[in-house]
Amino acid sequence: MKIDLTDTTASKINKGLVKARRAIGTPAVGMVLTLVVVTDEENAYDALKAANDASREHPSRTLVVIKRVSRSPRDRTQSRLDAEVRVGTDAGSGETVVLRLYGEVSDHAQSVVLPLLLPDAPVVVWWSVDAPRDPANDPLGALSQRRVTDSYAAEKPVDELRSRAESYEPGDTDLAWARITPWRSMLAAALDQVDCEIVSVEVAGEESNPSVELLAMWLADRLHVHVRRAVSAGPGLTQVRLETTGGPITLHRSDGAMATLALPGQPDRAVALKRRETSELLAEELRRLDPDDTYASALRFGVDRLGGIQSAAERAEAAAQPVPALPVRAVTEPAATGVQPASSESGASDRPTPAKMPPVKKADPQ
């Protein structure tokens with residue numbers, strides 16, 4: 001059921017929600033959170049579809065905030081709020097309110113959203129495009145416990161990662177991080193099957209894909225080895241190669257669906273590693289509302305500390321010789337990594353001892 005409200009107020013929207021629920025015979029509210037989606041008119045359909053699909057796993061009240069651009073100075077001084085209330089099959093497993101803000105009211109979206117939040121329920125804000133530089137201090141972000149951005153939607157994804165690192169606050173996360181959950185799980189499982197020392201790592205993928213950078217930073221931060229960033233034609237992430245004392249470990253995906261895992265002394269095996277839809281990524285982020293310390297540590301490692309692209313001859317030479325470890329800062333989870341930092345007194349760069357990967361979020365079934 002849909003109810004259109006023109007030039008309305010938050011009070012009338014709440015009354016519209018009650019009226020719609022009674023009309024379809026479901027007056028009880030059984031939603032677990034409020035999801036605020038900030039988008040523009042161009043991307044509103046895709047963002048709303050992803051939110052509705054995610055609500056089937058996490059029933060929620062979805063508030064879609066669309067700030068309409070005023071074309072003339074006169075329009076900018078005239079404030080108006082239009083709303084579209086959706087319940088039942090038109091709103092997934094919850095209820096949806098599409099808010100279109102005109103004029104000066106678009107600068108005060110938090111005042112419109114606040115009366116519509118579910119009482120005593122967590123709030124998650126997702127910027128599908130045009131995320132603020134500091135999500136935690138954004139007026140809408142200040143209302144939430146969890147703030148979701150997507151660096152892939154930015155014009156310069158790598159620069160966006162730098163901004164995220166500078167402004168990070170507990171509760172921030174990024175869909176680019178959720179995209180590599182299956183890769184992190186697969187690599188952790190692979191390293192549990194071998195007993196050798198990791199010497200260096202190479203991560204290959206599209207040039208402007210922030211997920212490739214995040215995976216490289218995560219490996220460098222956790223393993224304390226030199227990680228090279230290589231460029232491939234894609235799609236997305238294509239390969240991770242770990243040089244070890246027992247031989248190379250590779251996880252290669254060329255088609256965006258199936259990958260090949262190669263371990264020393266074992267036959268190659270095919271594993272499912274498909275690229276996931278936005279709704280699946282959003283549903284994963286809604287499963288946890290506590291701060292993601294692993295993401296924070298990887299993000300703060302820094303893109304600029306990754307190694308550049310090397311030629312085939314340089315890669316062969318690097319594989320034959322130990323690579324000095326990068327400078328190591330204090331690790332918050334030493335027991336989880338099992339890696340000893342390099343000694344600062346002797347000036348030597350000790351190679352890391354064999355280590356298991358840290359715990360990662362459980363990946364969606366592939």
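Computed over heavy atoms, backbone and side chain alike; hydrogens, waters and symmetry mates excluded. All values derive from a computational prediction rather than experimental measurement.
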Taking [X] for the side chain and [Y] for the main chain, is one N or O donor matched with an acceptor at less than 3.5 Å?
| X | Y | result |
| --- | --- | --- |
| Asp7 | Arg80 | no |
| Thr34 | Val123 | no |
| Arg276 | Ala178 | yes |
| Thr96 | Val85 | no |
| Ser55 | Asn52 | yes |
| Ser211 | Ala176 | yes |
| Thr250 | His252 | no |

Side chains of [X] and [Y]: does their closest heavy-atom pair fall under 4.5 Å?
| X | Y | value |
| --- | --- | --- |
| Val36 | Val124 | no |
| Val199 | Val225 | no |
| Leu223 | Leu242 | yes |
| Pro210 | Leu161 | yes |
| Val125 | Trp127 | yes |
| Val38 | Asp130 | no |
| Val201 | Arg228 | no |

Flag yes if more than 12 heavy atoms outside Tyr168 fall under 6.0 Å of its OH atom; otherwise flag no.
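Check passes, neighbour count above 12.
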So with a 6.0 Å cut-off around CD of Gln193, is the heavy-atom count from everything else above 12?
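Result for CD/Gln193: enclosed.
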Atom of Ala10, atom of Leu116 and distance for their closest heavy-atom approach
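Closest approach of Ala10 to Leu116: O-CD2, 3.8 Å.
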Taking only residues two or more places apart in sequence, or in another chain, which ones meet Glu206 in a salt bridge (Lys or Arg N to Asp or Glu O under 4.0 Å)?
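In terms of salt bridge (Lys or Arg N to Asp or Glu O under 4.0 Å), with neighbours along the sequence ignored, Glu206 is linked to no residue.
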Residues forming a salt bridge (Lys or Arg N to Asp or Glu O under 4.0 Å) with Glu277, sequence neighbours excluded
none
Pairs in or reaching into residues 40-49: which pass salt bridge (charged side-chain N to carboxylate O under 4.0 Å, His left out), with residues at least two apart or in two chains?
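Listed once each, the pairs are Glu41-Arg68, Glu41-Arg100, Lys49-Asp53.
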Applying salt bridge (charged side-chain N to carboxylate O under 4.0 Å, His left out), which residue pairs with at least one partner in residues 162-172 are found, sequence neighbours left out?
Arg133-Glu166, Arg147-Asp172, Asp159-Arg162, Glu160-Arg164, Arg162-Asp304
With Glu280, which of Arg179, Arg287, Lys274, Arg56 fulfils salt bridge (Lys or Arg N to Asp or Glu O under 4.0 Å)?
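When salt bridge (Lys or Arg N to Asp or Glu O under 4.0 Å) is applied between Glu280 and each of Arg179, Arg287, Lys274, Arg56, only Lys274 qualifies.
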Ignoring hydrogens and angles, write down the donor-acceptor pairs under 3.5 Å from the side chains of residues 107-115, residues two or more places apart or on other chains.
none

Can you check side-chain contact (heavy atoms from CB on, under 4.5 Å) on Val227 and Glu202, steps first, answer last?
CA-CA 6 Å; Val227 177; Glu202 181 179 84; over 6 Å; no
Return yes if a side-chain donor-acceptor contact under 3.5 Å exists between Ser297 and Asp221, otherwise no.
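Yes.
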Show me the donor-acceptor pairs within less than 3.5 Å that the side chains of residues 254-263 make with the rest of the protein, sequence neighbours left out.
| unit_1 | atom_1 | unit_2 | atom_2 | d |
| --- | --- | --- | --- | --- |
| Asp255 | OD1 | Ala257 | N | 3.0 |
| Asp255 | OD1 | Met258 | N | 3.1 |

Determine, for Glu84 against Arg86, whether the closest basic-nitrogen to carboxylate-oxygen distance falls under 4.0 angstrom.
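Salt bridge between Glu84 and Arg86, a charged N being under 4.0 Å from a carboxylate O: yes.
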